[in-house]
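For reference, the structure is listed below as structure tokens.
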Amino acid sequence: MSTLKHIIYNCRQATLLIEKRQFKKLSFREFVELRIHLVGCSVCTLYNKQSKVIHQMVQQLFHDSMKAEGVHLDEGFKKELQYLIDEELNKN
Amino acid sequence: MATENQFLNPRLWVAAHADYLYGYTLSRLNDEEQAKDLVQETFLAALQKIDKFEGKSSERTWLTAILKNKIIDVYRKKSSGLKPADLKQAEDEQHDFFEEDNGHWSRAYQPQPFGIEDHDPLAGKEFNSILQKCMQKLPALWMAVFTMKHLDDATTDIICSELKVTQANFWVIIHRAKLNLRACLQKNWV
């Protein structure tokens with residue numbers, strides 16, 4: 001009971017669980033602890049909301065950079081690369 | 001389009017994949033010179049093991065796998081040596097965000113609403129640049145852990161063994177990284 005009480009009032013632990021949950025399923029105990037904490041803690045509820053949005057934004061940012069529009073190697077460097085590859089192939 | 005038998009066309013690699021591989025690297029390392037080097041190293045390494053290509057994946061997937069290992073090497077190099085200091089810093093900063101004795105938010109770091117709560121995350125271009133700047137402030141090891149988890153959805157086990165981090169520290173790092181990102185965004189987003 002004392003550990004349960006501990007988490008219910010512990011924002012450090014609650015925010016850790018909020019982060020963990022975005023990547024993996026929490027254990028039943030963790031899930032319940034977090035739910036109880038969030039019911040009573042408006043600051044962590046706000047944190048939870050912001051954290052999820054940031055998570056989405058980070059995902060989106062990485063995803064966008066993968067589409068790599070506007071990300072181009074300069075032509076000079078590409079020519080060098082092409083030259084290196086051709087050289088290597090001609091060796092054989 | 002041939003999907004079953006894949007062939008390698010090294011002479012077309014630059015035209016077909018160089019920009020893609022460069023973008024892939026930049027999104028993970030954010031260092032243009034290093035990204036160029038890695039693209040070059042990837043092509044050269046690929047040429048060396050051309051005979052090992054079994055045609056089971058596409059040319060691009062195969063090249064990307066080679067590149068990915070090189071990026072992980074960079075993460076590893078960057079984070080080794082930094083680690084004790086990083087974790088020390090992590091522990092120190094913990095006291096900034098939360099009260100030491102009871103784990104409550106410390107007054108100075110309590111999250112405040114700052115306009116992203118109901119914001120469409122897909123809308124804000126300016127937000128992305130702030131986000132990127134905030135991410136660059138993270139210590140190398142955190143950034144490596146954070147990036148690997150987000151980008152490749154690598155399993156925790158793999159990340160921990162690649163970067164030599166314990167499971168417990170892994171979640172501490174993810175937690176710290178996010179607390180810092182959130183605080184940085186609140187500070188810089190007006």
Side-chain angles (χ1 to χ4, degrees), chain A residues 6-20 22-24 37 41-75 77-92, chain B residues 10-11 13-15 18-24 26-28 30 35-36 39-40 43-44 46-48 50 94 97-99 102-105 110-114 116-119 121-122 124 127-128 131-132 135 146-147 149-151 153 156 171-172 174-179 181-182 185-186:
Chain A
H6 190 65
I7 163 74
I8 290 174
Y9 297 109
N10 190 324
C11 300
R12 183 195 295 135
Q13 187 60 19
T15 52
L16 178 71
L17 292 179
I18 287 170
E19 295 310 323
K20 211 169 169 183
Q22 287 168 26
F23 293 105
K24 66 179 276 191
H37 182 94
C41 180
S42 62
V43 181
C44 285
T45 302
L46 175 64
Y47 178 90
N48 187 31
K49 212 169 183 183
Q50 292 177 338
S51 174
K52 281 185 195 160
V53 175
I54 295 168
H55 184 84
Q56 278 180 304
M57 285 175 166
V58 171
Q59 294 285 32
Q60 187 65 29
L61 182 71
F62 284 140
H63 195 72
D64 283 351
S65 60
M66 280 309 300
K67 284 187 220 139
E69 282 185 36
V71 179
H72 295 292
L73 280 165
D74 59 87
E75 289 306 314
F77 186 70
K78 282 189 189 174
K79 281 209 182 96
E80 277 176 44
L81 283 177
Q82 190 67 50
Y83 178 78
L84 273 172
I85 291 174
D86 290 342
E87 278 282 279
E88 201 62 33
L89 289 171
N90 291 339
K91 273 190 208 163
N92 306 321
Chain B
R11 287 187 201 276
W13 281 354
V14 175
D19 284 334
Y20 172 84
L21 295 175
Y22 181 61
Y24 184 96
L26 263 191
S27 66
R28 286 158 172 77
N30 222 332
K36 281 183 176 180
V39 172
Q40 177 172 330
F43 284 145
L44 294 178
L47 287 173
Q48 297 301 318
I50 250 175
Q94 187 132 346
F97 288 105
F98 302 102
E99 301 290 344
N102 57 18
H104 285 190
W105 284 99
Q110 266 189 18
Q112 308 288 335
F114 61 101
I116 64 163
E117 300 79 23
D118 307 302
H119 188 73
L122 311 183
F127 203 98
N128 274 347
L131 183 58
Q132 264 172 320
M135 282 176 20
F146 195 72
T147 309
K149 193 64 190 164
H150 270 279
L151 270 178
D153 200 27
T156 307
W171 291 112
V172 170
I174 292 277
H175 185 211
R176 293 285 107 197
K178 196 64 166 294
L179 284 166
L181 267 188
R182 200 215 63 82
L185 286 170
Q186 178 176 310

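Chain letters run A, B, ... following the sequence lines, proteins first, then strands; residues in each count from 1.
- Ring to ring, A:His72 and B:Tyr22 are not that close: their centroids are 6.0 angstrom or more apart.
- Both the backbone and the side chain of A:Lys20 come within contact range of chain B, each with at least one heavy atom under 4.5 Å from a heavy atom of that chain.
- Contact detail for A:Phe77 and B:Lys36: the closest heavy-atom pair is CZ-O, 3.4 Å.
- Per-residue heavy-atom pair counts under 4.5 Å with chain A were compared for B:Leu21, B:Ile174, B:Leu131, and the maximum is reached by B:Leu131.
- Between atom CG of residue A:Leu17 and atom CH2 of residue B:Trp171 there is a gap of 10.5 Å, rounded to the nearest 0.5 Å.
- By the 30° and 60° cut-offs, the orientation of the rings of A:Phe23 relative to B:His150 is perpendicular.
- Nearest heavy-atom pair, B:Pro113 versus A:Leu46, reported as atom, atom and distance to 0.1 Å: N-CD2, 3.5 Å.
- Rounding to the nearest 0.5 Å places OG1 of A:Thr15 at 2.5 Å from NE2 of B:His175.
- In terms of heavy-atom pairs under 4.5 angstrom with chain B, the leader among A:Lys24, A:Lys49, A:His55 is A:His55.
- Heavy-atom distances place the side chain of A:Gln22, and not its backbone, under 4.5 Å from chain B.
- Every residue meeting the side chain to side chain contact (heavy atoms under 4.5 Å, CB included) condition with A:Ile85, not counting sequence neighbours, appears here in chain and number order: A:Leu89, B:Pro10, B:Trp13, B:Val14, B:Phe43, B:Leu47.
- By the 4.5 Å heavy-atom criterion applied to side chains, B:Asp19 and A:Lys78 are counted as neighbours.
- Between B:Phe146 and A:Val58 there is a side-chain heavy-atom pair separated by less than 4.5 Å.
- In this structure, chain B has no heavy atom under 4.5 Å from any part of A:Asn48.
- Contacts of B:Gln48 with chain A are made by side-chain atoms alone, with heavy-atom separations under 4.5 Å and no backbone atom involved.
- Interatomic distance, B:Leu185 CG to A:Gln50 CD, rounded to the nearest 0.5 Å: 9.0 Å.
- Judged by distance alone, with hydrogens and angles left aside, the side-chain atoms of A:Arg12 form a donor-acceptor pair with the main-chain N or O of B:Glu99 at under 3.5 Å.
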Side chain to side chain contact (heavy atoms under 4.5 Å, CB included), that's the test. Do B:Phe98 and A:Gln13 meet it? Break it down for me. CA-CA 10 Å; B:Phe98 302 102; A:Gln13 187 60 19; over 6 Å; no
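- Between A:Ser51 and B:Arg182 the shortest side-chain heavy-atom distance does not fall below 4.5 Å.
- Within the 3.5 Å criterion, the main-chain N or O of B:Arg11 finds no donor-acceptor partner in the side chain of A:Asp86.
- Taking CZ from B:Phe97 and SG from A:Cys11, the interatomic distance works out to 13.5 Å, rounded to the nearest 0.5 Å.
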